[in-house]
Amino acid sequence: MKVLLFISTLILIVSCGKYERPFISFKSPEKRLTEGTWSCTKAVDSAGNEFEVEDRITFSIDGADSIFTRITTHWPLNPLYYTLNPSPGDYDTIQGKWTWCYALGDTPDKQFIKITYPGTIFGRWCRVTVLSNKELVYQDQSYDNTTYHYTKL
């Protein structure tokens with residue numbers, strides 16, 4: 001009985017310790033991330049100012065490729081803004097690749113996602129702080145440290 005209690009406690013600690021907001025889920029982080037489309041509910045800049053962002057992002061895994069599709073009007077999320085200069089408020093669809101980053105010793109550190117855009121030199125380092133079945137929160141550490149909050153559609 002003590003062994004069962006110890007194993008249960010260990011699973012709970014490991015499950016809750018990966019992100020700032022505790023959760024219990026037996027789905028892998030990849031499964032939680034790739035099931036459905038994420039819609040941005042708010043963004044908070046590094047000074048604590050909250051603002052709305054029109055952004056939807058879908059993560060998928062297709063064979064060996066991890067692909068994302070983003071539809072956004074928020075120019076800091078769109079690397080094509082610098083080359084195509086779209087009008088403010090225009091929706092742009094961006095596709096690229098995403099990968100989990102690795103910590104020392106080649107062990108996955110599933111708190112960081114690297115997003116890269118084909119045909120450009122732009123990429124993002126995103127620190128995931130919440131990844132549950134219905135909520136995704138990450139901080140864009142490559143651009144301006146804005147934190148983006150998403151919910152599943």
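Remember, it's a predicted structure, so these values are computed and weren't measured experimentally. Along the sequence shown, the residues carry numbers beginning at 1.
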Are Trp100 and Leu136 connected in the hydrophobic side-chain network, where two residues link if heavy atoms are under 4.5 Å apart? yes
Can you name the ring pair (Phe, Tyr, Trp, His ring centres under 6.0 Å) partners of Tyr150, sequence neighbours left out? Tyr138
The single option from Ile115, Ile57, Thr69, Thr72 passing side chain to side chain contact (heavy atoms under 4.5 Å, CB included) against Ile94: Thr72
Under the 6.0 Å and 45° cation-pi test, does Lys152 pair with Trp38? yes
Can you tell me how far apart CD (Gln141) and CZ (Arg127) are? Round to the nearest 0.5 Å. 6.5 Å
Drop me the distance from Lys31's NZ to Asn133's CG, to the nearest 0.5 angstrom. 10.5 Å
Between Leu131 and Arg32 the two heavy atoms that sit nearest each other are O-NE, 3.1 Å
State the CG-OG distance between Leu33 and Ser60, to the nearest 0.5 angstrom. 10.0 Å
Hey, could you give me each pair passing salt bridge (charged side-chain N to carboxylate O under 4.0 Å, His left out) that has a residue in residues 53-63? Not counting sequence neighbours. Asp55-Arg70
Output the distance between atom SG (Cys40) and atom CZ (Phe51), rounded to the nearest 0.5 Å. 8.0 Å
Are Ile61 and Ile113 in one and the same hydrophobic cluster, where Ile, Leu, Val, Met, Phe, Trp and Tyr link if side-chain heavy atoms are under 4.5 Å apart? yes
Nearest 0.5 angstrom please: Trp125 CH2 to Gln139 CD, how far? 14.5 Å
Using the side chain to side chain contact (heavy atoms under 4.5 Å, CB included) criterion, which residues pair with Thr58? Sequence neighbours excluded. Thr37
Is the side chain of Asp65 donor-acceptor paired with the backbone N or O of Ile67 at a distance under 3.5 Å, no angle test? no
Drop me the distance from Ser39's OG to Ile71's CD1, to the nearest 0.5 angstrom. 10.5 Å
Which class fits the ring pair Phe59 and Phe68: parallel under 30°, tilted 30 to 60°, perpendicular over 60°? tilted
Val130 side chain reached by His149 side chain, heavy atoms, under 4.5 Å: no
Exercise: identify the closest heavy-atom pair between Thr146 and Ala43: CG2-CB, 3.9 Å
